[in-house]
Amino acid sequence: MTGPENLRVYGVLLRAGQVLMAAEQVAGRDVLKFPGGAVEPGETPEAALAREFQEECRIAIAPLVMLHAPGTLLSPWTKSNYTPLFYQVAGDGEPDVPDHEPLTMAFHEPEAATASGLMAMPDIVALRRALSRATGG
């Protein structure tokens, strides 16, 4: 039995009303996305997420709850299939992106991020769910 196609994990880290986002180029396009990436063979999604946060921004995180599992989708950026899982995470510290990572990492106002046109719809859904959880709605 094979797993989901191109399984990817992403973490929504909210702090003081802002959300941690990576600004990077995907398939030649500027995008805003959550820290995360591919789940490697033999790795759990939660372990992959913790590893990706360490690799991309040197923040130790703990997954809290899965926010969104939309199934296998066609990426609007790469035009290839991927299966994203979005988790709300907790973590302390400020992002410190290693020199070899081709991205910038910063906290953004959620409304500005979603209105930017740089986020994919599954990311927006996950962010809205995280914000709803944070406000008790």
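Basis for what follows: all heavy atoms, side chains included, without hydrogens, waters or symmetry-related copies. Everything numeric in this text was worked out from a predicted model, so none of it was measured.
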Where [X] and [Y] come nearest, the two heavy atoms and their spacing:
| X | Y | answer |
| --- | --- | --- |
| L49 | G11 | CD1-N, 3.5 Å |
| E55 | P98 | O-CG, 3.3 Å |
| L67 | R129 | O-NH1, 2.9 Å |
| P76 | A120 | CG-CB, 4.1 Å |
| V89 | P63 | CG1-CA, 4.0 Å |
| L20 | F34 | O-CD2, 3.8 Å |

Under 3.5 Å, which donor-acceptor pairs do the side chains of residues 22-30 form with other protein atoms, sequence neighbours left out?
unit_1: E24; atom_1: OE2; unit_2: K33; atom_2: NZ; d: 3.4
unit_1: Q25; atom_1: NE2; unit_2: D30; atom_2: OD1; d: 2.8

For the backbone of E40 and the side chain of E43, can you confirm whether one donor and one acceptor N or O come within less than 3.5 Å of each other? yes
Any sub-3.5 Å donor-acceptor pair from T78's side-chain atoms to S75's backbone N or O? no
Do [X] and [Y] belong together in a cluster built from hydrophobic side chains that touch within less than 4.5 Å?
| X | Y | value |
| --- | --- | --- |
| L64 | F107 | no |
| L7 | F86 | no |
| V31 | I124 | no |
| F53 | V12 | no |
| I59 | V9 | yes |

Quick one, M119 and L127 - any side-chain contact, counting heavy atoms below 4.5 Å? yes
Could you tell me whether the side chain of P35 reaches within less than 4.5 Å of the side chain of Y10, counting heavy atoms only? no
Can you list every pair that meets side chain to side chain donor-acceptor pair (under 3.5 Å) and has a residue in residues 103-128, with sequence neighbours left out? Q18-E109
Start with the C-alpha distance between L13 and V19, add both sets of side-chain angles, then the distance that settles side chain to side chain contact (heavy atoms under 4.5 Å, CB included), and finish with yes or no. CA-CA 6 Å; L13 177 59; V19 61; 5.9 Å; no
Could you give me the CA-CA distance, side-chain angles and deciding distance for L14 and Q88, then say whether side chain to side chain contact (heavy atoms under 4.5 Å, CB included) is met? CA-CA 8 Å; L14 297 175; Q88 188 159 3; 3.8 Å; yes
Over 12 foreign heavy atoms within 6.0 Å of CG, D96: yes
CZ (R8) and CD (E52) are apart, to the nearest 0.5 Å, by 7.0 Å
Would T72 and T83 count as having a side-chain donor-acceptor pair, cut-off 3.5 Å? yes
Is it true that Y87 and E46 share a donor-acceptor pair across their side chains at a distance under 3.5 Å? yes
Is there a side chain to side chain contact (heavy atoms under 4.5 Å, CB included) between E94 and R15 once you walk through the steps? CA-CA 11 Å; E94 293 302 314; R15 192 179 295 160; 3.3 Å; yes
Quick one, L73 with Y82, criterion side chain to side chain contact (heavy atoms under 4.5 Å, CB included). Give me CA distance, side-chain angles, the key distance, then yes/no. CA-CA 6 Å; L73 306 170; Y82 75 120; 3.9 Å; yes
